[in-house]
Structures are given as C-alpha cells and as structure tokens.
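Below: one structure, written as structure tokens.
Order of appearance sets the numbers: ligands from 1, and atoms from 1 within every ligand.
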Amino acid sequence: MTRTAALSNIAAIDAAHHIHPFSDMKKLNEAGSRVIARGEGSTIIDTNGKRYLDAFAGLWCVNIGYGRTEIADAVRAQMDELPYYNTFFGTTTPPTALLAQKVTAHAGPNINHVFFTNSGSEATDTWFRMARVYWAALGKPEKTHFISRRNGYHGSTVAGASLGGMKYMHEQGSLPIEKIHHIGQPYWYAEGADLTPEEFGVTVARELEAKLDELGAENVAAFVAEPIQGAGGVIVPPSTYWPEIARICKERDILLVADEVICGFGRTGSWFGHQHFGFEPDMAPVAKGLSSGYLPVGGVLVSDRVASVIMQTDFNHGYTYSGHPVCAVAALENLRIIEEEKLVERVRDDIGPYFAKAWHAFTDHDLVGETQAVGLMAGLQMAKDKKTRERFEKPDAIGTWVRNHCVENGLILRATGDRMLASPPLIITEEEVDFMAKTLKAALDAAWKEWK
Ligand code: PMP
C-alpha cells in the first residue's frame, strides 16, 4: 500500500474510511492519525520520519521488538509451502502441532493442551464456552455462572466485554450478558482505605467467597482474572491476594482462569504471570506475546483437569483460522527467539531490575503517589496529594496530558485515567530505559507545574 499511495495522503484516507477501535472518531479525525510507517528494535518511525521509543510494545505485544527478519523469512517459506489449511476435519499442519507442543512446554507440568484462536478476545469466548461444556460433561450443567472483577479486561467480544469490568463498555449494548458477576479489584491505592496492602489483598479476595455464598458455588463455573490487571492500570495485587483466590477456587470447586494475554511470554520475568505469583490455573487465555504481534494468534492453555474431560466430548467450537499454519510459524519463530536470546531471564535478572530502579525512582516526585513494576510491566499512580492519596478530579485529563507530553517528545507510554503505564519490548536497552525515564520526568515536572 505504501508503495502505491502518497504517504502524505494516508491520514486523510484513513479519516475518510477507517473506524478505529475505542476511539472518538470525530475528535480523532480533527487531530488526524499519526501514521506509523516502520519499526526497528524498540523504536517506531512515523511517515514524517519522527522516531518514538515504543515503551508500550505496540499494544503490550511486540515482546521481541520490531524488524526481526527471521520471522519474515519463516513466514515467507511457510506461505510458499502451505499458506492455509484448517484443523477441523481430522487434519492438522506441522507448524500447528509443533506450536501446541512448544507453547504448552513452557506452561508447567499440569498444562499440556492448547486450543488455538486468532486473538485474546476469541480466547476468552473459547474458555467461557469450554468451562460450561466441562461442567455439563461432569453432570453439573447448573454450573453456568461466572465471576470476574471490576476494571478487569478480557476482550471486546460480547463474552469478553461482559467478563471485563469496564463500565464504559457495559454502557454500550446492554452488557454484561446474564450470569456474569463482578467483584472488587486488588487496587489498594484507590480502594484500600486504611488497610495495609496485605490486609486489603485478603479482604478483596474474600469478596469471591462472599459472591460464591450468594450464588451458591454449585451454580458457578469459573472465576477469571488477569494475574496483573493490564488495561485497568497495571495494578499489581498485594502478595496475599493470589494465594487466597487460589485457596477459595480449590475449596469451592470452581475453575480458576488466569488471563495471560498480557502477562504471558516473559512480560513479568516468568514465562507466565501465574508462575510469577505461584498458582496454577485450570485454563489460561493467551495471545499478544505468543507471536509478538507479528501475526494474529491466540489460544487457551488447558490443564489436564479440563482437557481430560473436554477430550471425551464433542466441543462444538472453532475458528476458520484456529491453528493457522503461517501464524503458527510466526509464533514458533518468536518463541525460538525468546528462548535462544533468554529474554525471560533477561527480564527477570537484568533489564527488569534496571527498569524497576528507574521506575521506582519516581516515588520521590511530587506528582507520584505510587509506582508498581513487575518485570517489564509497570504502573505509575499520579496523585494530587501524595500524603493523603487524594486523586485529581479529572483523572483522564491529567493522564492524557502527561501521555501527550511524552509522545511529543518521542516516547510512547499509555495512560489509564491517572496512571501511566509502561510495557516495553523485552529487548529494550539500558540507554532506552534512561531515555524513557528522562522523558517521563520532564512530562511529570511540566504536569506538576500545570496541575498542582
Ligand atoms: N485479555 C487481556 C488481559 C487483554 O489485555 C486483552 C487485550 N488488551 C484481551 C484479553 C483481548 O485480546 P485481543 O485484543 O487480542 O482480542
């Protein structure tokens, strides 16, 4: 496309024809889209030649960074050999089977199967249906309710948006659908009141127990949560939270689903977020870092507990492109790079700690109430009064202001309300972390002058 259309025209063409996700199109078209033309390493370059450090890895996904020709070469070879075949009618393809083996090898001894999708949202719909089929097959068809969390994110399909706890999504189109219930999130800074983070972790986890008492655990299929809430603001739960959730799910016999769409594939310094927190899910949707975004591919990792039941029945579910061979090759090559370059270990032992030091240094800033970082996933809470944890009246406005300041100065970060979020490629260098810290500091200094 860029070969045939004048690059200067792209924003106008886009404004005329393209509806963007999660966007106020009127405002967006007045401002005009930034047109990204190229990427290399952790840097993206727009059509004016301006360079940005992408400290958000696209949309939490470009874990191996941009411009890896190995992936392009592998994809090209697979395209020549077999561009597509389905996995429905007793067939598979070599890359599909090999990817199933490789992805489950990293997921712990009790997870040995995967169901492929094209995205995280489809993965959510897949485990949602699979959970009900699982319980029905066990003679418990009344276990049909689901519990998730306010401010969680699980995708944009009807089931995904319903399980997610985003009010602004529920407001459009009569969501959530029936039998989905939301409990509190482990967001101590905003909701922990006078409790210590550890006390709050237990208290908020026990909302699950209370909800199970209310609904009857015999009617509940599963609880789902992100190990670390991503889109909700990179909210790292207190250390007490996950052990308590895992205990409750086990004792009350409901499935525990860890949404690994962001946390998976090294982001936290472990292969998966649940490994970082030391619990074992029954199912885990994945996407994003599985292919580093080079091609769309997702899936649901399925534990032996669930697979052994599902595989005795006909699961009437699937996508034309489930296990797409070209996407599978891109994912295989991506995982090979993560393994060979020891990127997970790099995040855990090397660049992760370096990044965390730079990030936590912001706790001294007047505007900053709290910083959280696990691996290369970080949230920075802005506050009007850091002593009392008082927030700004218009949290979205200050977040957007700081983000725009960063973007103007060549740094891509994301804002969720009054939290600044970072999730850089796992190959980010120390110099790039220094640039990020310097640019974010300038933005926070300017914001403090403007907003205090
Ligand atoms: N789950 C989580 C935790 C996510 O962050 C996302 C996407 N940001 C999804 C599911 C949905 O994934 P996708 O956008 O690929 O459908």
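Using bins of under 30°, 30° to 60° and over 60° for the plane-to-plane angle, the ring pair His181/His145 lands in the parallel bin.
Remark: ligand 1 atoms within the under-4.0 Å shell around heavy atoms of Gly120 are 11 (C), 12 (O), 13 (P), 15 (O), 16 (O). Close approach to Ser121 involves these atoms of ligand 1, each under 4.0 Å from a residue heavy atom: 11 (C), 12 (O), 13 (P), 16 (O). Of all atoms in ligand 1, listed by their number and element, those nearer than 4.0 Å to a heavy atom of His154 are 1 (N), 10 (C). Of all atoms in ligand 1, listed by their number and element, those nearer than 4.0 Å to a heavy atom of Ser119 are 15 (O), 16 (O).
Put simply, the side chain of Val75 reaches to within 4.5 Å of the side chain of Leu295, judged on heavy atoms.
Ligand 1 lies out of reach of Gln229, whose nearest heavy atom is not under 4.0 Å from it.
Applying the ring pair (Phe, Tyr, Trp, His ring centres under 6.0 Å) criterion to His113, with sequence neighbours excluded, gives no partner residue.
The side-chain hydrogen bond (donor to acceptor under 3.5 Å, both in side chains) pairs that include a residue from residues 343-354 are Tyr354-Asp434, where partners are two or more places apart or lie in different chains.
Judged by distance alone, the side chains of Tyr66 and Asp54 do bring a donor and an acceptor atom under 3.5 Å apart.
With respect to atom 5 (O) of ligand 1, the closest heavy atom belonging to the protein is Ile262 CD1, 3.1 Å. Nearest non-hydrogen protein atom to atom 1 (N) of ligand 1 is Asp259 OD2, 2.7 Å.
Comparing heavy-atom distances from atom 8 (N) of ligand 1 across Lys288, Glu226, Glu122, Glu260 singles out Lys288 as nearest.
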- Query: What do the steps show when you test Glu30 against Lys26 for salt bridge (Lys or Arg N to Asp or Glu O under 4.0 Å), and what is the final call?
  - Reply: CA-CA 6 Å; Glu30 276 162 17; Lys26 193 163 172 291; 3.4 Å; yes

